[in-house]
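Atom set for the values below is all heavy atoms of this structure, side chains included, hydrogens, waters and symmetry mates excluded. The chain is numbered in sequence order, starting from 1.
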Amino acid sequence: MNRLRHRRAISLAPPVTLPDDDDLLSEILLHLPPRPSSLPRASLVCKRWRRLVTDPAFHRRFRARHRNPPPLIGVFEDYLGYPFFRSVLDPPDLIPRERFRLRLAEDEGGQWHFYGCRHGLLLLFNRAKNEIIVWVPDTGDHRQVAVPPEIDGKEKIIWNGAVLSAATADDGPFRVVLVGVAGNNTQMLACVYCSESGKWSDLISVAAPFLVFFFRDPGILVGNALYWMAYGERWLTILQFDLDKQTLSVIEWPYDSEPYSQTWLTEGDCLGVATLSRGSLQMWERKVCSEGVAKWVLQKPYDLKNVLNPEFRLKIGYLTKLGYAQDIKVMFLWADHSVFMLQLDSLQAKKVWESCVIAPIHPYASTYVAVLSKEGKKSEASPGRN
């Protein structure tokens with residue numbers, strides 16, 4: 001009898017309903033995962049949901065909630081002379097390449113050097129035109145800025161750069177730092193552009209410990225300083241640019257570059273260096289002890305061949321790092337004519353596409369949303385910045 005009463009009590013319980021208050025329902029919808037398909041699916045539930053998730057104010061709140069950090073949605077390849085987008089998501093979250101195209105760079109052909117992306121901004125440099133482009137893929141907006149001839153030219157050459165912004169709006173202010181060499185490769189230099197003033201700073205330089213020929217990988221941001229790995233004939237050193245003091249300094253990397261090895265910088269709580277040689281990955285961190293002396297400490301090593309071989313049954317002879325997403329510790333690797341995405345924390349690997357080309361990859365994170373219009377027609381909304 002008691003069981004029967006309990007069952008009747010359950011059956012008579014009122015069904016759970018969503019709140020009538022739009023503000024409260026919007027708060028619930030803000031907790032949807034930041035996948036490209038989340039809001040389109042929500043918009044199909046009913047007219048009320050569609051009205052809420054197509055509101056531009058809701059989009060801004062949704063992007064702000066998932067900004068730190070935003071999800072990795074794709075990468076930009078760098079081998080055609082302009083940024084080429086590839087989505088790393090599976091359907092229904094896969095994003096078409098046409099959504100992120102800088103037609104200005106494509107129309108001008110392979111004249112653009114890709115200096116990386118940060119805070120939802122991409123930085124390109126055209127040496128022939130002596131100008132940079134700062135591009136916001138989320139909105140399609142871009143700004144072209146002329147580089148003064150005293151920065152690139154007359155025994156000075158720009159090899160790399162970085163763009164950064166602390167703003168939360170897509171049209172917020174930004175800074176660009178360009179780095180290069182001068183004095184027959186005996187000096188390293190930097191120059192800063194500020195979008196608020198529209199002006200370039202004076203040249204900043206520091207003596208190089210050896211003949212520096214280039215800066216290969218994008219700069220990284222640790223704290224309030226930017227870092228680049230500088231390459232000589234067989235030696236490496238690290239160039240530091242302090243954003244507050246506007247000064248350059250050199251940090252010694254005490255190990256020589258081994259043949260057929262790759263070395264690049266990593267960012268986190270402190271400056272890091274990763275080396276990849278013959279399938280063995282080693283991660284180093286620069287620790288400062290209580291006496292104020294900095295030293296390089298080896299962290300956990302990884303045998304990447306043993307990770308990829310059993311799962312994909314590859315005959316890996318040459319393993320190459322193409323790109324590295326710092327915030328989520330995801331590495332892109334080329335092996336056996338394929339590109340793999342490897343999560344270092346879990347050592348889970350995913351084959352993302354086949355390729356005969358070994359080219360740098362720049363991971364791109366954004367809170368991308370594609371929604372239905374209020375009339376029910378499919379349209380694309382601007383994704384959010386990272």
Side-chain angles (χ1 to χ4, degrees), residues 69-89 94-95 97 100 102 112-125 135 137 159-164 214-222 226-229 231 261-268 271-277 279-284 302 304 307-308 312 316 318-366 368 386:
L72 179 67
I73 62 172
V75 300
F76 285 96
E77 290 186 276
D78 181 16
Y79 70 94
L80 296 173
Y82 56 85
F84 183 92
F85 179 77
R86 283 185 184 268
S87 177
V88 297
L89 304 175
L94 187 144
I95 301 171
R97 174 192 170 242
F100 297 118
L102 182 57
W112 295 92
H113 300 274
F114 200 147
Y115 286 166
C117 52
R118 181 178 289 103
H119 301 153
L121 307 174
L122 270 69
L123 176 62
L124 303 168
F125 175 59
W135 177 38
W159 278 117
N160 217 307
V163 59
L164 62 161
F214 60 92
F215 304 84
R216 183 174 60 191
D217 297 314
I220 68 164
L221 178 67
V222 180
L226 288 164
Y227 299 85
W228 289 267
M229 185 72 82
Y231 292 80
S261 70
Q262 294 177 278
T263 305
W264 67 96
L265 298 174
T266 62
E267 60 190 44
L271 178 64
V273 170
T275 62
L276 177 62
S277 179
S280 176
L281 174 67
Q282 293 184 335
M283 308 288 285
W284 301 76
Y302 302 88
L304 299 187
V307 173
L308 295 178
F312 298 99
I316 298 178
Y318 186 65
L319 193 62
T320 305
K321 186 273 300 184
L322 303 180
Y324 185 55
Q326 307 284 348
D327 291 339
I328 55 177
K329 293 184 179 180
V330 169
M331 182 179 299
F332 289 87
L333 299 163
W334 184 93
D336 196 25
H337 299 91
S338 298
V339 177
F340 297 88
M341 187 169 64
L342 174 67
Q343 169 58 249
L344 287 179
D345 286 340
S346 63
L347 292 182
Q348 296 295 312
K350 172 187 175 182
K351 181 177 177 180
V352 284
W353 66 81
E354 295 183 353
S355 176
C356 296
V357 178
I358 302 176
I361 281 176
H362 302 271
Y364 185 71
S366 172
Y368 176 93
N386 59 340

- Taking the side chain as every heavy atom from C-beta outward, state whether K329 and Y324 have any pair of such atoms under 4.5 Å apart. yes

- Could you pull out all residues at least two apart from S355 that satisfy side chain to side chain contact (heavy atoms under 4.5 Å, CB included)? V339, W353, V357

- Item | Distance-minimising heavy-atom pair for A274 and T266 | CB-CG2, 4.0 Å

- Item | Closest contact, heavy atoms only, G120 versus Y364 | O-OH, 4.1 Å

- Item | Rounded distance [0.5 Å steps], CZ in F215 versus CH2 in W159 | 10.0 Å

- Message: Checking Y227 now: which residues fulfil side chain to side chain donor-acceptor pair (under 3.5 Å) with it, not counting sequence neighbours?
- Response: Q240

- Going from CG on N160 to CG on D217, what distance comes out if it is rounded to the nearest 0.5 angstrom? 8.0 Å

- Here the gap from E77 atom CD to L322 atom CG, rounded to the nearest 0.5 Å, amounts to 8.5 Å

- Task: Give the minimum heavy-atom separation between L333 and L304, together with the two atoms involved.
- Result: CD1-CD1, 3.9 Å

- Less than 4.5 Å apart, any side-chain heavy atom of I220 and any of W264? no

- Task: With rounding to the nearest 0.5 Å, note down the distance linking CG in L319 to CZ in F340.
- Result: 9.0 Å

- Task: Taking all non-hydrogen atoms of both residues into account, name the closest pair between V75 and P363 and its distance.
- Result: CG1-CA, 3.9 Å

- Task: For residues H362 and P218, determine if any side-chain heavy atom of one lies less than 4.5 Å from a side-chain heavy atom of the other.
- Result: yes

- Classify the angle between the aromatic ring planes of H337 and W334 as parallel (below 30°), tilted (30 to 60°) or perpendicular (above 60°). perpendicular

- Can you find a pair of side-chain heavy atoms, one from L102 and one from F76, that are under 4.5 Å apart? no

- Got L72 and I328 here, is their nearest side-chain heavy-atom distance under 4.5 Å? yes

- Query: Can you name the closest pair of heavy atoms from I73 and S366 and give their distance?
  - Reply: CG2-O, 3.3 Å

- Task: Measure the spacing between CG of L265 and CG of L226 and express it to the nearest 0.5 Å.
- Result: 11.0 Å

- Heavy-atom pair with the smallest gap, counting every atom of K350 and V88: NZ-O, 3.0 Å

- Message: When you compare the side chain of R86 with that of R97, does any pair of heavy atoms fall below 4.5 Å?
- Response: no

- May I ask you to test the F114-L124 pair for a side-chain heavy-atom distance under 4.5 Å? yes

- Which value, rounded to the nearest 0.5 Å, describes the distance between M341 atom CE and K351 atom NZ? 14.0 Å

- Task: Please work out which of the three classes, parallel, tilted or perpendicular, describes the rings of F100 and Y368, given edges at 30° and 60°.
- Result: perpendicular

- Message: Can you confirm whether I95 sits close enough to F85 that some side-chain heavy atom of one is under 4.5 Å from a side-chain heavy atom of the other?
- Response: yes

